[in-house]
Amino acid sequence: NHRRALRFGRPRVIVTHNDEGIHVHALKNGKSLCHLSLQPHVLYADVNHDGNLDSLQIVTNDHRFLNRDDDEIVEERNWITNLAQRVAKSNAKDIEKLETTTTSDQLCHLLALSGIPTREELFSVNLCGRGRDNTNVGGAPLLVVNGVNGLDVIAAMNNGRIYRVQNGRRLWRMRHQVSWNDQSVVALQQIDATNVVAATRPILFAGETSLEILAASSGRVLATTTFPQPSIRQPVLVDLNGDGTTDVLITTK
């Protein structure tokens with residue numbers, strides 16, 4: 001949960017971000033001014049810079065939506081469910097063209113949707129291919145980085161694959177050795193470096209027992225390290241000693 005006082009001209013307002021979305025209250029008397037319902041495990045950003053808020057999420061066969069009777073949430077949940085079913089059926093048909101055996105619907109996709117509530121699909125990308133390792137597959141929290149014509153998406157899956165996606169097209173796909181069981185400890189972050197162009201800043205990908213530093217442009221592994229004990233929360237990126245270099249703070253039991 002996050003709470004912050006902001007000044008939009010006058011008067012000041014309190015913005016609260018929790019499991020139910022974003023709430024705005026007047027600082028003077030606590031009166032509720034507006035509310036925006038948000039889904040958990042969804043990244044919100046204006047991906048294509050068209051002025052509309054977009055949502056990015058990884059949807060698999062085991063995907064669970066927020067079970068709440070909020071009208072906006074119900075509308076969005078139904079819209080995304082129908083879209084996911086169409087995507088899965090389309091993917092299954094493509095697989096059947098390549099294989100003689102019948103394949104069940106496999107859903108392992110990155111969905112980029114526009115509008116809140118959702119009004120249209122921007123793109124969908126298969127993140128698992130047609131392999132047999134799609135059971136119990138899950139994704140790390142998504143990361144957006146500066147691209148050529150908007151924001152690119154970095155998506156990492158627990159089956160050992162990581163992707164950079166631009167407007168529905170995969171720029172690269174690489175293998176990784178980062179593993180996790182608890183998604184709350186996984187971090188996919190771009191390292192902040194003031195003396196490096198934003199598009200080329202490396203990416204830190206950390207799991208429960210190890211981390212990798214990846215080149216943003218190619219996905220190539222630049223460095224790896226293992227932890228002496230499993231981490232219990234996401235790492236913190238901070239310049240601890242003021243030398244201008246980003247340090248990585250790992251917390252273990």
Side-chain angles (χ1 to χ4, degrees), residues 38-50 53-60 63 87 107-114 121-129 131 133-134 137-194 196-225 231 233-237 246 248 250:
L38 300 175
Q39 286 275 4
H41 309 302
V42 176
L43 177 62
Y44 292 91
D46 184 3
V47 178
N48 52 4
H49 291 177
D50 65 349
L53 189 60
D54 308 313
S55 59
L56 300 159
Q57 58 188 294
I58 295 175
V59 180
T60 66
H63 188 77
V87 168
L107 189 59
C108 181
H109 289 71
L110 168 66
L111 298 184
L113 313 173
S114 180
E121 175 194 5
L122 294 179
F123 59 80
S124 62
V125 179
N126 190 321
L127 298 179
C128 294
D133 58 348
N134 293 356
V137 70
L142 295 168
L143 170 70
V144 292
V145 297
N146 290 322
V148 178
N149 296 313
L151 298 175
D152 296 349
V153 186
I154 308 293
M157 310 299 292
N158 61 1
N159 61 4
R161 295 188 177 95
I162 185 170
Y163 305 81
R164 179 166 178 165
V165 178
Q166 181 183 89
N167 296 325
R169 181 172 61 93
R170 288 184 295 198
L171 296 182
W172 49 255
R173 178 180 64 180
M174 301 292 289
R175 302 288 300 187
H176 69 78
Q177 302 299 321
V178 176
S179 62
W180 68 90
N181 293 314
D182 182 2
Q183 192 185 46
S184 66
V185 305
V186 185
L188 195 58
Q189 304 177 45
Q190 192 164 31
I191 296 176
D192 188 16
T194 56
V196 180
V197 178
T200 61
R201 291 172 185 168
I203 295 169
L204 179 138
F205 182 27
E208 291 184 355
T209 59
S210 65
L211 66 79
E212 295 181 351
I213 305 295
L214 309 174
S217 59
S218 64
R220 182 171 60 90
V221 177
L222 304 176
T224 64
T225 190
S231 63
R233 59 176 57 91
Q234 289 185 341
V236 176
L237 275 63
T246 299
V248 183
I250 304 295

Visitor: Taking E208 for the side chain and N181 for the main chain, is one N or O donor matched with an acceptor at less than 3.5 Å?
Guide: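 Yes: the side chain of E208 pairs with the backbone of N181.
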Visitor: Evaluate the side chain to side chain contact (heavy atoms under 4.5 Å, CB included) criterion for residues R175 and R161: first the C-alpha distance (whole Å), next the side-chain angles of each, then the deciding distance (0.1 Å), finally the verdict.
Guide: CA-CA 5 Å; R175 302 288 300 187; R161 295 188 177 95; 3.7 Å; yes
Visitor: Between Q177 and T224, does a side chain to side chain contact (heavy atoms under 4.5 Å, CB included) hold up when you go through it step by step?
Guide: CA-CA 9 Å; Q177 302 299 321; T224 64; over 6 Å; no
Visitor: Would a 4.5 Å heavy-atom cut-off, applied to side chains only, mark L237 and D192 as touching?
Guide: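 No - every pair of side-chain heavy atoms lies 4.5 Å or more apart.
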Visitor: Roughly how far, to the nearest 0.5 Å, is the CG atom of L151 from the NE2 atom of H49?
Guide: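 If I round to the nearest 0.5 Å, the distance is 4.0 Å.
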Visitor: Find the distance between CZ (R233) and CG (D182) and round it off to the nearest 0.5 Å.
Guide: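 Those atoms lie 11.5 Å apart.
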Visitor: Can you name the nearest heavy-atom pair linking P235 to L204, along with the distance?
Guide: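 Looking at all heavy atoms of both residues, the shortest contact is CG-CD2, 4.1 Å.
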Visitor: Please name the residue in the list V165, V42, L110 that meets the side chain to side chain contact (heavy atoms under 4.5 Å, CB included) test with L142.
Guide: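 Going through the options one by one, the only one that passes is L110.
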Visitor: If the test is salt bridge (charged side-chain N to carboxylate O under 4.0 Å, His left out), which one of R170, R164, R169 qualifies with D152?
Guide: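 Option passing the salt bridge (charged side-chain N to carboxylate O under 4.0 Å, His left out) with D152: R164.
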Visitor: Do P141 and L188 make a side-chain contact, defined as non-hydrogen atoms from C-beta onward lying under 4.5 Å apart?
Guide: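 No - every pair of side-chain heavy atoms lies 4.5 Å or more apart.
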Visitor: Which pair of heavy atoms, one from V186 and one from W180, lies closest together, and at what distance?
Guide: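 Nearest heavy atoms, V186 then W180: CG2-CG, 3.2 Å.
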Visitor: Distance check, rounded to the nearest 0.5 Å: D50 atom CG versus S114 atom OG?
Guide: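 One gets 5.5 Å once the value is rounded to the nearest 0.5 Å.
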Visitor: Drop me the distance from L43's CG to I154's CD1, to the nearest 0.5 angstrom.
Guide: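 If we round to the nearest 0.5 Å, L43:CG and I154:CD1 are 11.5 Å apart.
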Visitor: Could you check whether any side-chain N or O of Y163 sits under 3.5 Å from a backbone N or O of L127, counting only pairs where one atom can act as donor and the other as acceptor?
Guide: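 Looks like yes, one N/O pair under 3.5 Å.
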Visitor: Provide the closest heavy-atom pair for E212 versus H176 in the form atom of the first, atom of the second, distance.
Guide: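 That would be OE1-CB, 3.5 Å.
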Visitor: Is there a donor-acceptor pair closer than 3.5 Å between any side-chain N or O of S179 and the backbone N or O of N158?
Guide: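 It does not hold such a pair.
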Visitor: Which heavy atom in I162 sits nearest to a heavy atom in F205, and how many Å separate them?
Guide: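 Looking at all heavy atoms of both residues, the shortest contact is CD1-CD2, 4.2 Å.
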Visitor: How close do L222 and P202 get, heavy atom to heavy atom, and via which atoms?
Guide: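 It is CD1-CB, 4.2 Å.
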Visitor: Can you tell me if CD on Q183 sees more than 12 non-hydrogen neighbours from other groups inside 6.0 Å?
Guide: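 Atom CD in Q183 is packed in, count exceeds 12.
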Visitor: Can you name the nearest heavy-atom pair linking N159 to C128, along with the distance?
Guide: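 That would be ND2-SG, 3.6 Å.
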Visitor: Measure from the side-chain N and O atoms of Q190 to the backbone N and O of R201, and report whether any donor-acceptor pair falls under 3.5 Å.
Guide: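 A pair under 3.5 Å: yes.
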Visitor: Is there side-chain contact between Q166 and V148, with heavy atoms separated by less than 4.5 Å?
Guide: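 Yes - at least one pair of side-chain heavy atoms lies under 4.5 Å apart.
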Visitor: Can you tell me how far apart CD1 (I250) and OG1 (T209) are? Round to the nearest 0.5 Å.
Guide: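 Rounded to the nearest 0.5 Å, the CD1-OG1 separation comes out at 11.0 Å.
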Visitor: Got a second to check how far I203's CD1 is from Q189's CD, nearest 0.5 Å?
Guide: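 Spacing of CD1 (I203) from CD (Q189) equals 11.0 Å.
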